[in-house]
Number of protein chains: 2
Amino acid sequence: MTVTLADVAARAGVSSATVSRVLNGNYPVADGTRTRVLRAVDELQYVVNGPASALAAATSDLVGILVNDVADPFFGIVASAVQSEMGGEGVTGAGQKLAVVCNTGGSPERELTYLTLLRRQRAAAVVLTGSAVEETAHSTALADRLRHLAAGGTRIVLCGRPPLPPRSGTTEQPPAPAEDGVVTLTFDNRGGSHRLTAHLLTLGHRRIGYVTGPADRSTTRHRLEGHRRALGEQAPEALAEAERLTVHGGAYDRSAGYDGALELLRRAPDLTAVLAANDTVALGVCAALRDRGLRIPEDVSVGGFDDLPFAADASPALTTVRLPLHEAGARAGRLALGLETPPPGDVATVRADLMVRASTAPPAPR
Amino acid sequence: MTVTLADVAARAGVSSATVSRVLNGNYPVADGTRTRVLRAVDELQYVVNGPASALAAATSDLVGILVNDVADPFFGIVASAVQSEMGGEGVTGAGQKLAVVCNTGGSPERELTYLTLLRRQRAAAVVLTGSAVEETAHSTALADRLRHLAAGGTRIVLCGRPPLPPRSGTTEQPPAPAEDGVVTLTFDNRGGSHRLTAHLLTLGHRRIGYVTGPADRSTTRHRLEGHRRALGEQAPEALAEAERLTVHGGAYDRSAGYDGALELLRRAPDLTAVLAANDTVALGVCAALRDRGLRIPEDVSVGGFDDLPFAADASPALTTVRLPLHEAGARAGRLALGLETPPPGDVATVRADLMVRASTAPPAPR
DNA sequence: TGGCGCTCTGAAAGCGCTTACCGACACTCA
DNA sequence: TGAGTGTCGGTAAGCGCTTTCAGAGCGCCA
């Protein structure tokens, strides 16, 4: 029914092995032969049978990208950056990967499910993005699954996630980073957050509210840690209050920011700055402050995180911590394809730079 | 290396045929045997080899979902609804589909590329969402490709798209809907738009601005048609002005709405209502109006389209046309899986209901 | 009790590709 | 000129499943 390799071979007057070699381009083939084969491919409108190819080669063209929330621009940027690296040298030719995004909705179970499904498909690689759930049972289950996948030949790249916890079961293991083929690109959340808070402290702020992301996410914890460390270093007296000035947002969304800011204002009407889990949350914070009649940055400074495209366009333009999402995604894509050599120890930390814009200013004099 | 069917069979003391039958559940197997097999599967942590299975069965577990823009909530809702129908009866068991979303970025070429890639993977089905590009060369190429896929056994569902144009090449064909296995769920864009405009006219509005979506999209045209038809019916005198009061937005985004509204205000400072291509655009329209010091709905009424979640939460709550996205997506998913029988003629129109909320009111008396 | 039908299971033939292995041929170099 | 070397192409053995076909076992009725 459908055209097969053999049909193409017959038409081109060669063996199917030769056709395969032309298509995969990993073996010397005389120019004349190649041309003839390609013409036959074209004339017959041949399209490789992916499953057959995957079965024989023990790996498919699929690359999975796991995201928490497909609607969040953070993931959109990373995912499209990964995809942009997948383009092969033409559609009929082999080597073209199918990058598919799998939306976990932040659910650990769905994450595991997708991983199994991708393993079943013998995916060439999977890129996991976004914050990891901290709950231990899940994270070790996840780590095991990932190592299992890696052992089966699937390349694993963690992008914007903390490195895997050490292998379970072997608790005796020294703190060796376990060369298990899982590559990690982790953002410097602690450092970025530290710099942002330090910036506020330097401006003179002492009462700084913080609306975090979901409490069970690694990212939330890391950003909070950076914040607290900066406080401890530059304003130990403010540290004492930090707990009270921290509100845990239930999600990385606008309304978490809005509600969080209102709650902060209730607890400490005299705060002079608010930091948000990320830019989206920061937007909500700004809205709430404005609704309370506060001006930004004259009355209250606001800081975000991520530097999503809208941060620079917001009014006032948002001071935030820039995460090079596109760059990191592209690198993750190349790593997934094996086009780039993994960093030493298989872990690289991606820098997080402070972007000072209009939403932060010295606190108003009392 | 990895566990195969034969390993499971050996462990359970049966043949691999039996294991396959247990896993696929499409053949009588004695209870005792089934239990033994399932235990073996469990003990060995067996995971089906998807490619092998796909090769033998001539169809894979993959279901593709093509979306214009993964970051647009419209597509997010549809895609997750489709996915929600995919859940099989367990991960190791067969029948669990892998629903993957492919982000075309609205580009016809990428759409075609993804279709080829999905064909290569012998996808079980593909769901295409969102507006179609109207450019003829592409749309017939697309139609051919889709019919090709359908002929190859892949189920095709168009969700929120117009039906395919008639088969190319056979121009002689009578207007028969061509039973080619491509199922379409199309939104009643014309009707919805008609109702919305009629609502404004009934309120007394006569100068109604319109910020459309990208000009080359079917959805844009259909919504505009409904709008014009309502004008023609209830206010022929307003129709004459319609052209001047229409601004073509370059995208379905906020800034298109913002810019569009400013342009409209320039052309007709006395307009009393503005309709937007969709809710996102409407948000931009509202922002622009407010920035010009106009109150909604006292000075200007605003209408959206789609009824995305934020429409009801906006202030003022947005009058809009509700598209049952989740419902349509779920149905598309079932259709893709063959769980639901296609509508007669393979085309169903999904209703679009008017949702009157706070953003529309009678025009201020002169 | 023999024959029939029913339920369950096994043997084996592919599905369409990749790739190890080998042979053919054309050179080059001594 | 014959061995050595390198380039190219064919042969055929799988990859791990699904599924057809046939057969085994068994209860039942006549």
Side-chain angles (χ1 to χ4, degrees), chain A residues 1-38 40-41 44 46-62 92-96 119-122 124 152-153, chain B residues 1-37 40-41 44-62 92-96 119-122 124 152-153:
Chain A
M1 190 208 69
T2 37
V3 184
T4 72
L5 246 208
D7 298 329
V8 176
R11 174 121 187 175
V14 297
S15 75
S16 56
T18 302
V19 179
S20 169
R21 295 199 264 248
V22 169
L23 259 19
N24 293 305
N26 49 11
Y27 206 83
V29 173
D31 277 354
T33 314
R34 166 179 290 101
T35 322
R36 240 169 333 126
V37 168
L38 290 179
V41 164
L44 296 176
Y46 173 68
V47 177
V48 189
N49 182 318
S53 159
L55 173 58
T59 177
S60 80
D61 292 337
L62 265 193
T92 40
Q96 170 88 316
R119 163 155 180 59
R120 178 196 295 189
Q121 300 293 337
R122 300 299 187 263
Chain B
M1 188 211 66
T2 37
V3 184
T4 71
L5 246 208
D7 298 330
V8 176
R11 174 122 188 174
V14 297
S15 76
S16 54
T18 302
V19 178
S20 170
R21 294 199 263 249
V22 169
L23 259 20
N24 293 305
N26 49 11
Y27 212 83
V29 172
D31 276 354
T33 314
R34 164 179 290 99
T35 322
R36 235 165 341 121
V37 168
V41 164
L44 295 177
Q45 299 247 58
Y46 173 68
V47 177
V48 188
N49 182 318
S53 160
L55 174 58
T59 177
S60 80
D61 292 338
L62 221 52
T92 39
Q96 171 87 316
R119 162 154 180 60
R120 179 196 293 188
Q121 300 293 337
R122 299 300 187 262

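So you know, we letter chains A, B, ... as the sequences are listed, proteins then strands, and number each from 1.
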In whole angstroms, how far is the [atom2] atom of [N] from the [atom1] atom of [X]?
X: A:Arg119; N: D:dG16; atom1: CZ; atom2: P; value: 12 Å
X: A:Leu23; N: C:dC17; atom1: CG; atom2: C1'; value: 11 Å
X: A:Tyr27; N: C:dA20; atom1: OH; atom2: P; value: 9 Å
X: A:Asp31; N: D:dT7; atom1: CG; atom2: P; value: 14 Å
X: A:Asn49; N: C:dT18; atom1: CG; atom2: C1'; value: 13 Å
X: B:Leu55; N: C:dC15; atom1: CG; atom2: P; value: 9 Å
X: A:Arg34; N: D:dC8; atom1: CZ; atom2: C1'; value: 11 Å
X: B:Asn24; N: D:dG16; atom1: CG; atom2: P; value: 17 Å

So which nucleotide from [options] ends up closest to the side chain of [X]?
X: A:Val29; options: C:dC17, D:dC17, D:dG9; answer: D:dG9
X: A:Ser15; options: D:dG10, D:dG16, D:dT19; answer: D:dG10
X: B:Ser20; options: D:dG16, C:dC17, D:dT18; answer: D:dT18
X: B:Ala17; options: C:dG10, C:dG16, C:dT9; answer: C:dG10
X: A:Ala57; options: D:dG10, C:dT19, D:dG16; answer: C:dT19

Minimal heavy-atom distance between B:Gln121 and B:Ser60, with the atoms involved, is O-OG, 3.2 Å
So which heavy atom on B:Ser53 is nearest to which on B:Val48, and how close? CB-CG1, 4.1 Å
If we count only N and O atoms by modelled type, under 3.5 Å, do the side chains of A:Ser20 and A:Asn24 hold a donor and an acceptor together? yes
Quick one: does A:Ser16's side chain have a donor or acceptor within less than 3.5 Å of a partner on A:Ala9's backbone? no
Are OP1 or OP2 of D:dG10 and a side-chain N or O of A:Thr18 less than 4.0 angstrom apart? yes
D:dG16, OP1 or OP2 - any side-chain N/O from B:Thr4 closer than 4.0 Å? no
A:Leu5 or B:Arg21: which one's nearest nucleotide on DNA chain C is closer to the 5' end? B:Arg21
Below 4.5 Å, heavy atoms only, C-beta onward: do B:Arg119 and A:Thr2 meet side chain to side chain? yes
